[in-house]
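A short worksheet on the structure shown next.
For clarity, every value in this text was computed on a predicted model and none was experimentally measured. Chain A is the first sequence line, chain B the second, and so forth, proteins listed ahead of strands; every chain is numbered from 1.
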Protein chains: 2
Amino acid sequence: MKKHAEINATPVCQVRMQAISDSMSLLAGKWKFHILGTLIEGSRLGFMDLLREIDGIGTKMLSKELQDLEMNNLISRTVMNTKPITVEYSITAYGKTLSPLIDEMAKWGVNYRKAVYGKNKK
Amino acid sequence: MKKHAEINATPVCQVRMQAISDSMSLLAGKWKFHILGTLIEGSRLGFMDLLREIDGIGTKMLSKELQDLEMNNLISRTVMNTKPITVEYSITAYGKTLSPLIDEMAKWGVNYRKAVYGKNKK
DNA sequence: GAAAGTAGTTTCCTATTGGAAACTATCTAA
DNA sequence: TTAGATAGTTTCCAATAGGAAACTACTTTC
């Protein structure tokens with residue numbers, strides 16, 4: 001009959017929970033992982049390239065999410081000196097540090113699919 | 001001047017993207033990681049225990065998120081034969097497979113904090 | 001000069017998310 | 001018999017997320 005938090009009240013857990021909230025706030029939404037994943041695979045892509053690569057996204061969301069990611073220094077935007085003007089998006093060194101997390105996310109999802117598929121087969 | 005997707009059109013990438021979407025759909029929202037993290041730390045907690053451990057959550061969200069997680073077999077709910085009736089929530093074996101992902105998420109968030117803090121100090 | 005490619009922005013709309021507060025229902029201890 | 005603990009559900013509301021379509025603006029090619 002405990003009346004107060006015991007587990008999450010420890011400093012270690014508080015830091016951990018805060019860290020998870022931080023990560024999630026940067027990566028939340030329907031498209032961030034797709035954009036980052038695409039830029040990790042094929043660096044230096046233009047706006048229209050990304051629009052074609054990321055199935056289902058529209059110009060508004062792509063534009064907004066790219067701005068978010070750039071603000072958080074996960075991707076960089078470079079206006080090229082061409083005519084007509086083109087823009088190159090690429091992943092930053094800091095953005096690349098997300099690779100293990102993205103890989104973990106993909107790995108778990110693949111196994112989840114297998115688990116669900118396996119159950120139905122039985 | 002490519003007119004069609006090239007990177008994400010490869011089967012490997014399609015599977016990867018689908019897997020990430022799967023993971024995200026199970027783990028999206030403000031509270032899922034907090035609930036899972038709490039149940040991994042301290043197994044066998046009642047509804048009110050969780051309400052106290054997870055700072056800021058309300059009964060409605062806790063109830064709804066617990067149902068979601070149970071449906072996906074990540075946590076289990078056991079009604080105990082006590083009076084008054086109590087309920088025990090715990091992480092499932094399958095839920096535990098999320099540990100590496102949660103750890104990665106926490107690790108990245110901690111480093112992100114450090115990076116931002118370090119920059120401000122200069 | 002019309003079409004198509006570059007890179008977005010703006011507007012309007014709907015759907016989902018999440019929170020506060022009140023409520024149900026059962027049981028126990030003072 | 002009233003307060004407080006168990007475990008939720010329901011209602012009402014505000015904020016956010018996300019999508020479709022139209023529009024801007026500039027340049028090149030046919």
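When the side-chain nitrogen and oxygen atoms of A:Q67 are compared with OP1 and OP2 of C:dG8, none of them lie within a distance under 4.0 Å. Contact check, A:K30 against D:dG19: a side-chain N or O comes under 4.0 Å of OP1 or OP2. Of the side-chain N and O atoms in A:R52, none sit less than 4.0 angstrom from OP1 or OP2 of C:dA7. Distances shown here put a side-chain N or O of A:S63 below 4.0 Å from the OP1 or OP2 atom of C:dT9.
Using a 4.0 Å heavy-atom criterion, one finds that B:T59 contacts the bases of the nucleic acid, with or without backbone contacts as well.
Here the side chain of B:K60 is nearest to one of C:dA7, C:dT10, D:dT11, namely D:dT11. With distances taken from any side-chain atom of A:P84 to the nucleotides D:dT9, D:dT6, D:dT27, the minimum falls on D:dT27. Considering only the side chain of A:M61, D:dG19 comes nearest among C:dA7, C:dG18, D:dG19. Listed nucleotides C:dG8, D:dT27, C:dG18 differ in distance to A:K83; the shortest reach to its side chain belongs to D:dT27. Closest to the side chain of B:V87, out of C:dT6, C:dT9, D:dG8, is D:dG8.
Taking atom CD on A:E53 and atom P on C:dA7, their separation rounds to 13 Å, with Å as the unit. Here D:dG18 presents its C1' atom at 9 Å from CD of A:E65, a figure rounded to the nearest Å. Separating the CD1 atom of A:I35 from the P atom of D:dG18 is a distance of 11 Å, rounded to the nearest angstrom. Atom NZ of A:K64 is separated from atom P of C:dA7 by 21 Å (rounded to the nearest Å). Across the protein-nucleic acid pair, A:L51 atom CG and C:dA7 atom P stand 10 Å apart, rounded to whole Å. The separation between B:D49 atom CG and D:dA5 atom P is 13 Å, rounded to whole Å. Spacing between atom CE of B:M48 and atom C1' of C:dT26 amounts to 14 Å, rounded to whole angstrom units. Per the geometry, CD1 belonging to B:I57 stands 11 Å off P belonging to C:dA20, to the nearest Å.
Pairing each heavy atom of B:L26 with each of B:K32, the nearest pair is O-CD, 3.2 Å. The minimum heavy-atom distance between B:G58 and B:L51, with the atom names listed, is C-CD1, 3.9 Å.
Summarising the geometry, atom CG belonging to A:L50 is positioned 5.0 Å from atom CG belonging to A:L39; distances are rounded to the nearest 0.5 Å. The CG atom of A:L98 sits 7.0 Å away from the CD1 atom of A:I91 when rounded to the nearest 0.5 Å.
Using a 3.5 Å distance cut-off with no hydrogens or angles, the side chains of B:T38 and A:N8 do pair a donor with an acceptor.
Contact of B:T82 with D:dT6 (side chain to base): no donor-acceptor pair of N or O atoms is detected under 3.5 Å.
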